[in-house]
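Data block below; observations after.
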Number of protein chains: 2
Amino acid sequence: MDFSSFLTSLVTSFLIFVVLMLLFAWLSRKEGNSVVYYPNRILKGLDPPASGTRNPFAWIQEALSSTEQDVISMSGFDTAVYFVFLSTVFGILVLSGVVLLALLLPVAATDNSVKVTAATTSNGTFNEFDKLSIGNVKEKSPRLWAFMIATYWVSFVTYYLLWKAYTHVSKLRADALMSPQLKPEQYAVIVRDIPPVPEGLTRKEQVDSYFKAIYPDTFYRSMVVTDNKVVNKIWEELEGYKKKLARAEVIYAQSKTTGKPGGVRPTNKTGFLGLFGKKVDSIEYYNGKINELIPKLESEQKVTLREKQQAAALVFFTSRVTAASAAQSLHAQIVNDWTVVDAPEPRQILWANLPIKFFQRQVRQYVVYAIVALTIVFYMIPIALISAFTTLEQLKKLLPFLKPVLNIDAIKTVLEAYLPQIALIIFLALLPKLLLFLSKAEGIPSLSHAVRASSGKYFYFTVLNVFIGVTVGGTLFNTFKTIQKNPPDYIITLLANSLPGNATFFLTFVALKFFVGYGLELTRIVPLIIYHVKRKYLCKTEAELKAAWFPGELGYATRAPGDLLIVTIVLCYSVIAPLILPFGAAYFGLGWLILRNQALKVYVPAYESYGRMWPHLFVRILAALILYQVTMLGYFGVKKFYYAPFVIPLIILSFIFGFVCSKKFYRFFHDTALEVVCRELKEVPNMELVFRSFIPQSLGSEKFDDDQFEDALSQVSRTTSLV
Amino acid sequence: MDFSSFLTSLVTSFLIFVVLMLLFAWLSRKEGNSVVYYPNRILKGLDPPASGTRNPFAWIQEALSSTEQDVISMSGFDTAVYFVFLSTVFGILVLSGVVLLALLLPVAATDNSVKVTAATTSNGTFNEFDKLSIGNVKEKSPRLWAFMIATYWVSFVTYYLLWKAYTHVSKLRADALMSPQLKPEQYAVIVRDIPPVPEGLTRKEQVDSYFKAIYPDTFYRSMVVTDNKVVNKIWEELEGYKKKLARAEVIYAQSKTTGKPGGVRPTNKTGFLGLFGKKVDSIEYYNGKINELIPKLESEQKVTLREKQQAAALVFFTSRVTAASAAQSLHAQIVNDWTVVDAPEPRQILWANLPIKFFQRQVRQYVVYAIVALTIVFYMIPIALISAFTTLEQLKKLLPFLKPVLNIDAIKTVLEAYLPQIALIIFLALLPKLLLFLSKAEGIPSLSHAVRASSGKYFYFTVLNVFIGVTVGGTLFNTFKTIQKNPPDYIITLLANSLPGNATFFLTFVALKFFVGYGLELTRIVPLIIYHVKRKYLCKTEAELKAAWFPGELGYATRAPGDLLIVTIVLCYSVIAPLILPFGAAYFGLGWLILRNQALKVYVPAYESYGRMWPHLFVRILAALILYQVTMLGYFGVKKFYYAPFVIPLIILSFIFGFVCSKKFYRFFHDTALEVVCRELKEVPNMELVFRSFIPQSLGSEKFDDDQFEDALSQVSRTTSLV
């Protein structure tokens, strides 16, 4: 890619961005769109900003002037931590950029040695850009000292800002955990791997007597986990019919006002997808179904509570300190019995995972790791498999009704040409979902933990395949024999050799990602269209309408791997081609601004983990830094700079820095510090409410009170007040 | 070493053993020796067995009929765990031996291929022994299948018995921890890394308010750790003078009865070692010194308590559960502040280590590891240094009074010849002490933990230098260039190649170790002589006499590395030369018998760690097993056996076995399980006694009660009864 085509692509991206911004300014002012652009405010009971009179770029001012406290109150601690991540990286890139551009560009630009040695530099992709990069500096030149100093500068800036960020996030987490607001999960622990029930006791008695003996004063009550598969299915069916009934009633009511005064009673067919079968009166039919299902649900609830108890339970304490300390303590002499961990929020418990046994979890974990490792290394194989199964012949067999379409020549040609690419795109689109599924299959008890785990897996996939893959890419296979001789040294040299040639590619990549990516993010064109289509043609009831504009979550866990890829790319190129730094800074600056707007006004978090994502982000930024330092070591080697080994102390320093940080901060992100939860709440918590908040929806009914107490839920041990 | 010289050495060892046994039977029957042969019984207030009428071999019967409970009550849980180790290894070797001797000896003896191929076998040390070993089997022979089966048999026997032993030891530990007897350390935790004292508070107030906030109901009191260096010195000086006074008074009293009726008042000189200076009346002089030191000690105690407070404390709780759970919980948001660990017994606390800060401990640990690694690899260097400093010239300079002796020609020659060897012997004798010193320098808070750490270091030293060193030894350096080509494979082959040649060496080594070593252990000749010499010429007072026969501890931590070396040797040779198995079994059988006698009657444990040594023993037995399996893989390779890779699943299985065991059992050996300590004690513990038992001797006085309370020791928060 030469300079002019780079400029073209940059300008195009920027124009798209400007168009999208104008579009947003126009669309967000329309009254009817406020549920798309301000759903978080609406759901929190706040008014969307008055439209019409409003300055179209007021959102920028609002985002800039919003405080961290605003983010926390509108979108939770996890989002606030994500902004700490964005601003930290932004800070690193700005501080590095100011010094590196001022220091390195003149040093590089005034050394014209390369025209002479151009033939020897890598890949022959020499262009205008390289004049401003390390590629323009002679081998063994003393000017390389400037690049060495720059390497140190970037590293120390990173250490300093990461340290500040870790301290800050740790304080944020402490504030969140010690807040006097009632958090039910702070009074509960998850107990897994309960041994078989002894003769003559029920499961509930077993759990109760075990914890009463250990915590005689603070034990409140226990809830045995049940196998809810059947009851969930019935409940979902019931809820589905309730929604359909509501819809039918609305349609009936509308028909009264628009059509005949008596109205038209809506009808539906009872068969598959409502397309086949007998035609019936919808309201009567759904009412009948609901009346049929309610007693079925109730009896199934009883059966579930009585007979489908599993070897796991939730245990409630009347004190936050006891719950926090129980989650960290060994309870049973045999370590894999009675394992106790802290409870997540009720909404994010993965109930089906709770009864999975200790060693099964271990095995599952290693199996999942192996699958993911294989996916990363051989990710082309599943794609090849998918495309093999989605050949035209297969498609015809599986979906015979497509046959006439597939026989048209033009369509046939196009499909045959693009099926593999389509398979690749589908694979990459499905990958996060696949990884989340795999992470859940590990037996992790909470959704936020599973999301973190899948985010980590996605990070490795991206960095290894996109960054290392693109960079080293083709050259790797050609030189495979050379590698075998001395693998680790060679890989570093190879990486260092391949980097400069790809600088413009990654510059364009970063620019495209922030201009077009964030532009689309802000305008929310796809959700807007979907909402309007649904509103016009599908939604009848209020609930359906709300579901149509419900914004979902910010999804920082899937965003983070993408951001971290940019961090890795920009850090690795920072000294080699410092021009990438402003682009990186712009990516994170713009990202901060636009996501701030989205966090404050659009997205609704699905769970709260009080910043547990941070250590993962930290470690990966540090890993990017170390990769960068190793690359620089290799690159100075390629430049035959005698003092290249001076980078080695920096690499060691990075490891020490990571070690110190993880020793100093990490455990607090895994366990709850007791000093944090020992503050008393404003008022004595209502333990009954705490307990009820953990009852799964499908089991929860007002009838839950008395007769099931002797089953999966245990009796109140005492009505002690909070200690 | 040929067969006859092996037999000679074996018979000699056996004869020495028989002589020592007879000597023991004779000596132990003498009344005056009972303090040497039964000190543990005497100290526990039990009578030594009636001498004279007693069957001289009754001790064997007594050892065999003693139960585990006897060992626990006489010598503690740690000793009982050591016997589990001995009997487990004994079981492994017996069960392996029975099958392997019956299976492999016939298979090997009937294959006479080797006389043909003798020239090709290793080292040319072919002898009668090899007829009964794998050396006698042809390359690629299908008879090697028998050896493969034997390899599997030994491994599965080891798995089975180790599993049983781990379960048993875990139960033992649980019994120990849940015993209703009062153990002060179960009510205390050590708090380290206390942050700087806030303005306006004392250290004690800081600690008290911190823990009162977290444990309002169960916090009892705290004790701030002080810098006791000065006060300890004064206290020791005082105790020394008290002993000397007692001695002088006894001498004076004796002189009254034996000499003149008025008696001779003993005198001493006040200068260096009592050899120089003014002659004074001992009783008056010592009395004067004591009267001078007592107020000095008291004022220093006050100063210490008030001004030498450190950033560490002991905190006492009124509940065992709270203490156990506090030791496992994170207390502070900043992980390296307020670190809490469980308290060891008062007698084994290393007070000076408690105030060492978190990261300093980390640094110390890595520095010590580096020193130990260097010592293991280059252990000849310190010896060379020692011998360089102990040349005759140096000796003359340092100890000028030895000059006339050193100038005698004969002595000169001998010393010059033996000084390096003496240096080596001194080094090996001092090594355990050096390692213990290094382990203490890591900042470990308890003696038993430091002993475990040094025991581990000694194990690595022994196995690497003695076993691998002797086996591979000379050949390694000659073939250094070959190794560089393909290190890991080559080392295995080298080991496998070198093993058979050394079989008889190690057979003799094991036999010597158990016949002579355990013979000397049982007869206790050295302590016996020392005791009698001291009693006759030195001891005057009762206290001095008791110190002369006080037996010390069993020292399983220094024994274990030696035993584990034998385990490693015997396992590695088990299939190659099965004849070693009876010797190994005899070592552990005889060891069990003789040490049982010593544990019941002689040694007094210095501390109790409730079996925490076990996981270390377990891991090292397993490591020996894996080394053995790897060696067999190499050896089958040397024998060109096509199915050699069949050993690989076994190696993987060993790792899985280790992983499962450590997951299932290990944490209970690190932390206290709450279910174990939740049983109530027989009576409410006297917290005042618990607290007092932790006061260091040099600070403890009856005056301690009231006026110092506002200093390092905190006030009683409440006199709550035990929950």
Side-chain angles (χ1 to χ4, degrees), chain A residues 166-167 170-175 177-178 210-218 319-322 324-340 358-359 361-363 366 656 659-680 723, chain B residues 166-167 170-175 177-178 210-218 319-322 324-340 358-359 361-363 366 656 659-680 723:
Chain A
Y166 219 143
T167 316
S170 175
K171 221 194 133 291
L172 266 187
R173 179 170 160 84
D175 289 345
L177 292 178
M178 72 169 71
Y210 189 84
F211 282 93
K212 254 185 214 162
I214 298 177
Y215 307 99
D217 295 325
T218 47
S319 142
R320 297 203 287 185
V321 171
T322 310
S325 123
Q328 300 172 50
S329 298
L330 177 70
H331 282 74
Q333 177 209 337
I334 300 298
V335 181
N336 62 343
D337 282 345
W338 295 102
T339 52
V340 177
F358 189 85
F359 282 108
R361 298 202 294 272
Q362 304 283 336
V363 171
Y366 286 106
I656 293 176
F659 176 79
V660 169
C661 280
S662 77
K663 281 281 174 189
K664 196 177 181 73
F665 300 113
Y666 178 66
R667 203 183 152 195
F668 178 52
F669 284 80
H670 185 267
D671 296 326
T672 305
L674 300 187
E675 69 170 16
V676 163
V677 288
C678 74
R679 318 273 170 107
E680 295 200 15
V723 185
Chain B
Y166 219 142
T167 317
S170 176
K171 221 194 131 293
L172 267 188
R173 179 171 161 83
D175 289 344
L177 292 178
M178 74 170 70
Y210 190 84
F211 282 94
K212 253 185 214 160
I214 299 177
Y215 306 100
D217 294 327
T218 48
S319 142
R320 298 203 286 186
V321 171
T322 311
S325 123
Q328 300 171 50
S329 298
L330 177 69
H331 281 74
Q333 177 209 337
I334 299 299
V335 181
N336 63 342
D337 282 345
W338 295 103
T339 52
V340 177
F358 188 84
F359 283 108
R361 298 203 293 271
Q362 305 283 337
V363 171
Y366 287 106
I656 293 175
F659 176 79
V660 169
C661 280
S662 77
K663 280 280 175 191
K664 195 177 181 75
F665 300 112
Y666 177 67
R667 201 182 153 196
F668 178 51
F669 285 80
H670 185 268
D671 296 326
T672 305
L674 300 188
E675 69 171 15
V676 164
V677 288
C678 74
R679 317 272 171 108
E680 295 200 16
V723 186

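Lettering of chains follows the sequences in order, A, B, ..., and the numbering in each one begins at 1.
Looking at A:Tyr166, neither its backbone nor its side chain comes within 4.5 Å of chain B, counting heavy atoms on both sides. With a 4.5 angstrom heavy-atom cutoff, A:Thr322 does not touch chain B via any of its atoms. Heavy atoms of A:Tyr210 lying under 4.5 Å from chain B belong exclusively to its side chain.
Interface remark: of the candidates B:Trp338, B:Phe669, B:Phe659, B:Phe211, B:Phe659 forms the most heavy-atom pairs closer than 4.5 Å to chain A. When B:Ser170, B:Ala326, B:Ala327, B:Ala174 are compared by the number of non-hydrogen pairs under 4.5 Å with chain A, B:Ser170 comes out ahead. Of all the listed residues (B:Val321, B:Thr672, B:Val660), the one sharing the greatest number of non-hydrogen pairs under 4.5 Å with chain A is B:Val660. Options A:Asn336, A:Leu177, A:Asp337, A:Leu674 differ in how many heavy-atom pairs under 4.5 Å they form with chain B, and the most are formed by A:Leu674.
Pairs passing the salt bridge (charged side-chain N to carboxylate O under 4.0 Å, His left out) check and including a residue from residues 662-674 of chain A, sequence neighbours excluded, read A:Arg667-A:Asp671.
A:Ala673 and B:Gln333 get closest at one heavy-atom pair: CB-N, 3.7 Å. Heavy-atom minimum distance, B:Ser329 versus A:Ser325: OG-CB, 3.4 Å.
Every residue meeting the ring pair (Phe, Tyr, Trp, His ring centres under 6.0 Å) condition with B:Tyr215, not counting sequence neighbours, appears here in chain and number order: B:Phe317, B:His331.
Side-chain contact between A:Phe665 and B:Ile334 is present, with heavy atoms from C-beta onward closer than 4.5 Å.
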